[in-house]
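One structure below.
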Number of protein chains: 2
Amino acid sequence: MFDAAPHAASRMDTLLSGPALTFSAGDEIYAEGDRAGTLYQVAVGVVRVYRLLADGRRQICAFHMPGEIFGFEAGTERHFFADAVNTVALKLLRPGSEAELSQELLKLALTSLTRAHDHLLTVGRNDASGRVAAFLLEIAERQGTRDVDSIDLPMSRLDIADYLGLTIETVSRVFTRLREQGVIRLASTRHVDVLHWDQLEDMTA
Amino acid sequence: MFDAAPHAASRMDTLLSGPALTFSAGDEIYAEGDRAGTLYQVAVGVVRVYRLLADGRRQICAFHMPGEIFGFEAGTERHFFADAVNTVALKLLRPGSEAELSQELLKLALTSLTRAHDHLLTVGRNDASGRVAAFLLEIAERQGTRDVDSIDLPMSRLDIADYLGLTIETVSRVFTRLREQGVIRLASTRHVDVLHWDQLEDMTA
DNA sequence: CGACTACTTGAAAAGAGTCAATTCACGTGG
DNA sequence: CCACGTGAATTGACTCTTTTCAAGTAGTCG
């Protein structure tokens, strides 16, 4: 159950794992300004990490799925908000002796860095269709359900929009268009069947 | 000369610094697929790190200025290209004993991660004007020239466009508009005088 | 069944991209 | 020192995409 998805974070066997915490959908895990330091590993559910802008807009930096570790900060203070997309269980990871673990942590931080760069590419060099396509491929890969051709989306259209730098309406329209083109089927709003993976790939940068 | 800009990377006094390498504008520093592992510190000039897409488009992930360290990779292989924007001198940093340094490296990696997230915010939640404004503020801050009100841009309009996820024409038009609005003055194409920092800030997310 | 929220759809407006034509800046050679 | 050529940058006209604003529909939970 804890096994990481294909390119998810490594296992962190050297970290002492603390107690498990549970959250309901929408619960705050941490907020901007909080004292940083703690790392979390997702046991169940999905976490979103985001920034809030003065005018209320939101940029979701990452979704974290089971097995993945999040909570890195450059300084002593949080610069992001994190909350539960759905019902979430987390394991607390508290670094024991700094030195011996930093090597493990470095690997994890670099994984996060790679993700961030991939995300930047998605947002910077794709039109709306390309971004949604990239998003579906990313989620599918991380759910390890590429073989099953069915993806479930734990997050709302608004979450997807805020992740991709689009509006909710545009995301909705792209889903509709993909359905009309026969690329996907929408079993329900939160459940996508992919009929043509290759066409999704062709849409991404 | 080596002193880092305000929020630039830390000094890395514990890393062994190797010989200095020099590059002319446009020279490749490393390419996608190269063996990773080496880190570099910029002594002179500016480096761009980017990805190339199948159709030839380019997403610049970062510009690195004097004092900054770059070259982190999650795996053993490079996923990016790096080349010299102008005349560049680099110091090679070769980690000696893995364990004792990873703590230093972790800090640097987290700095890169923060930068990547800032960049994502810029690209994901700003219109063209906002992106260019954010870009100018970022460069000014990293050049430490905020007090002088003058910025020089070592990179071309195309570089800026590829960094911000825009076209060269749009970048050019934004510069023109900022000039017409009296926010900046263009001493030359590569030299910007900022007349109203506050107005630049108001344009960013 | 009703109320609330999430999602979808439509029409109009704004923004950015594309294509094409100048203009500008700079280095080279006459 | 000037003329020319080259690549970079700007500008213009037009198209296409996305956003915005406004309804409308579908689910869901009481």
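Below, read A as the first sequence line, B as the second, and so on, with proteins coming before strands; counting in each chain starts at 1.
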Taking CZ from A/Phe175 and C1' from C/dT9, how many angstroms apart are they, rounded to a whole number?
-> 16 Å
Determine whether the aromatic ring centres of A/Tyr40 and A/His64 lie less than 6.0 Å apart.
-> no
In whole angstrom, give the distance that lies between atom CZ of B/Arg190 and atom P of D/dA8.
-> 9 Å
Rounded to whole angstrom units, what separation is found between the CG atom of A/Asp159 and the C1' atom of C/dC7?
-> 13 Å
Measure from CZ on B/Arg157 to C1' on C/dC24 and round the result to the nearest Å.
-> 12 Å
Atom CZ of A/Arg57 and atom P of D/dT20: how far apart are they, to the nearest Å?
-> 8 Å
Show your working on side-chain hydrogen bond (donor to acceptor under 3.5 Å, both in side chains) between B/Tyr163 and B/Glu138 and close with a plain yes or no.
-> CA-CA 12 Å; B/Tyr163 181 67; B/Glu138 183 192 343; 2.9 Å; yes
Do the charged groups of A/Arg185 and A/Asp193 touch, with an N to O distance under 4.0 Å?
-> yes
From D/dT18, D/dT19, C/dT9, nucleotide with atom closest to A/Ala128 side chain | D/dT18
Donor-acceptor pair, B/Gln41 side chain versus B/Gly67 backbone, under 3.5 Å?
-> yes
State whether B/Thr176 places a side-chain N or O below 4.0 Å from either non-bridging phosphate oxygen (OP1 or OP2) of D/dT11.
-> yes
A/Ile160 CD1 to C/dT8 P, in whole Å, measures 9 Å
Tell whether A/Arg173 reaches the base of C/dG10 with its side chain through a donor-acceptor pair below 3.5 angstrom.
-> yes
Which is true for B/Arg131 with a 4.0 Å heavy-atom rule: it touches a base, it touches only sugar-phosphate, or it touches nothing?
-> nothing
From the options D/dT20, C/dC7, C/dG17, select the nucleotide whose nearest atom is closest to the side chain of A/Glu169.
-> D/dT20
A/Thr167 side chain N/O closer than 4.0 Å to the phosphate oxygens (OP1, OP2) of D/dT19?
-> yes
May I ask you to say what A/Ser188 touches in the nucleic acid, namely base, sugar-phosphate or nothing, with a heavy-atom cut-off under 4.0 Å?
-> nothing
Do the side chains of B/Thr114 and A/His79 get nearer than 4.5 Å, heavy atoms only?
-> no
Identify whether any heavy atom of A/Arg179 sits under 4.0 Å from a base atom; if not, whether one sits that close to sugar-phosphate; answer base, sugar-phosphate or nothing.
-> sugar-phosphate
Candidates D/dT18, C/dT8, D/dA9 - which lies nearest the side chain of A/Asp127 | D/dT18
For A/Ser172, which contact category applies under a 4.0 Å heavy-atom criterion: base, sugar-phosphate, or nothing?
-> base
Measure the distance from CG on A/Leu158 to P on D/dT20 and round it to the nearest whole Å.
-> 13 Å
Mind calculating the distance between CG (B/Asn126) and C1' (D/dT19) to the nearest angstrom?
-> 15 Å
Have a look at A/Thr189 and say if it touches a base, only the backbone sugar-phosphate, or nothing, with a 4.0 Å heavy-atom cut-off.
-> sugar-phosphate
How is B/Arg177 classified with respect to the nucleic acid when contacts are heavy atoms under 4.0 Å: base, sugar-phosphate, or nothing?
-> nothing
Would A/Arg125 and B/Arg51 count as a side-chain contact (heavy atoms from CB on, under 4.5 Å) if you check the C-alpha gap in whole Å, the side-chain angles of each, and the deciding distance to 0.1 Å?
-> CA-CA 11 Å; A/Arg125 289 287 140 191; B/Arg51 280 197 179 164; over 6 Å; no
Touch check for A/Leu166, heavy atoms < 4.0 angstrom, all strands: base, sugar-phosphate only, or nothing?
-> sugar-phosphate
